[in-house]
Amino acid sequence: MSSDTPAPAPLQTFPSPHPVTGTDADRDLGRALVRAWQTDGIFQIRATTAQQAATEQALAASRAFCARPLREKSTYVSDLTYSGYVASGEEETAGEKDGSEIFTVCPDIPADDPRVIERWPCHGPTPWPSAAYAHAMKRYMALVGELGHRLLRLTALGLGLADPDHFTRLTADGWHHMRVLRFPPATAASARGIGSHTDYGLLVIAAQDDVGGLYVRPPVPGEERGRNWLPGESMAGRYEHDEPWTYVTPVPAVFTVFPGDIMQFMTDGALLSTPHKVRLADRDRYTLAYFHEPAFNAVARPLEPAAPADHIHYGTHFTSMFRRCYPDRITTTRMDADSALKTLTRLHEQALHPA
């Protein structure tokens, strides 16, 4: 099957989970979610009425914002945080420019917060384009964040862990963030939206409109998957033109959910980070990609660490990923000027050796 041809098989779809208390039913559901990831690399969750209403409101806010003039949109950037507008072509995957237009929403931290005053990297107020836009995105992220919390507890139970909070302990006060994306129509020259890549975080929950264009790569027995968090092992561009790829058919009122790099790291590869890519369609496509993440100063470790140094300090990881994506952005430039990376090194050491 060509990567341009939609796959006929529907993805495994589950109801939005109730609060997870560790019952036998929770364990059964957790095992089913884990099996779906290990088979397909992705599953779907049916949205509740409230979740779907918030999704529609957030997508409508995104459409309205993207319709504004480029000159206006480009003013919504910050030199403190990576929140804000990203123009089409500003990002690259494997050396090729991506077509997506993005508004990134990171934690909205007031300018008088001690972490901002102390120049913690990536910390600062979100440059919201309007109060209505902020309300729509915050409401959506709050509801999807509750879903992420429950899914992580189910994942721990599904993996057979005794502690259902193995993952959620890290995500208390998590660095949850979102990429609000618009993909333009395909042109005669290119139908590439975003090239093949994996996401850097723990858990990805996405909603898309009815246009379609997302493809995911399921686990392939014997296939080498790079450890994207290590230098020299980037997954960007890998297997882009090699089958199999599964077309994620747009389905009303569902979320698509898949693991990121930190989940692969923490589970020793039992759950692989899911490669995905986007092809452009004949009209604009809008999507919301939410990342349910560890706290900025949290330390993630594998289930069975090979050495005491085997860890990922989330703040260092996040900062590194965004600096790599945006080497010329004003945020990166100020970070260098303020010696913020020295602060990050101090935070890393404090996280490893708390007083």
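The chain is numbered in sequence order, starting from 1. Please read these numbers as outputs of a predicted model, since none were measured by experiment.
Judged by the 6.0 Å and 45° rule, Arg63 forms a cation-pi pair with Tyr286.
Remark: the Tyr239 side chain and the Glu223 side chain contain no N/O donor-acceptor pair separated by less than 3.5 Å. No side-chain N or O of Asp113 forms a donor-acceptor pair with one of Trp120 less than 3.5 Å apart. If you check the side chains of Asn297 and His313, you find a donor sitting under 3.5 Å from an acceptor. Counted by atom type alone, Arg227 and Gln264 present zero donor-acceptor pairs between their side chains at under 3.5 Å.
Taking the six-membered ring where tryptophan is involved, the planes of Phe14 and Phe43 are perpendicular, since the angle between them exceeds 60° and thus also 30°.
A salt bridge does not link Asp310 to Arg301: none of the charged nitrogens lies less than 4.0 Å from a carboxylate oxygen.
In this view, Phe255 satisfies the ring-ring contact (aromatic ring centres under 6.0 Å, His included) rule with no residue, not counting sequence neighbours. In terms of the ring-ring contact (aromatic ring centres under 6.0 Å, His included) criterion, residue partners of His176 (sequence neighbours excluded) are, by chain and number, His292.
Just one residue in the list Tyr200, Phe167, Tyr314, Trp229 forms a ring pair (Phe, Tyr, Trp, His ring centres under 6.0 Å) with Phe265, and that residue is Trp229.
Aromatic ring centroids of Tyr76 and Tyr85 lie 6.0 Å or more apart. Side-chain rings of His177 and Phe318 approach one another, their centers coming within less than 6.0 Å.
Hydrophobic clustering places Leu159 together with Phe258 (ILVMFWY residues linked when any side-chain heavy atoms are closer than 4.5 Å, directly or through intermediates).
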Apply the test ring pair (Phe, Tyr, Trp, His ring centres under 6.0 Å) to residues Tyr140 and Tyr290: give CA-CA distance (whole Å), side-chain angles for both, the deciding distance (0.1 Å), then the verdict. CA-CA 9 Å; Tyr140 175 84; Tyr290 168 85; 7.3 Å; no

Enumerate, atom names and distances included, each donor-acceptor pair closer than 3.5 Å involving a side-chain atom of residues 340-355, sequence neighbours excluded.
from, atom 1, to, atom 2, distance (Å)
Thr345, OG1, Leu341, O, 3.1
His348, NE2, His311, NE2, 2.9

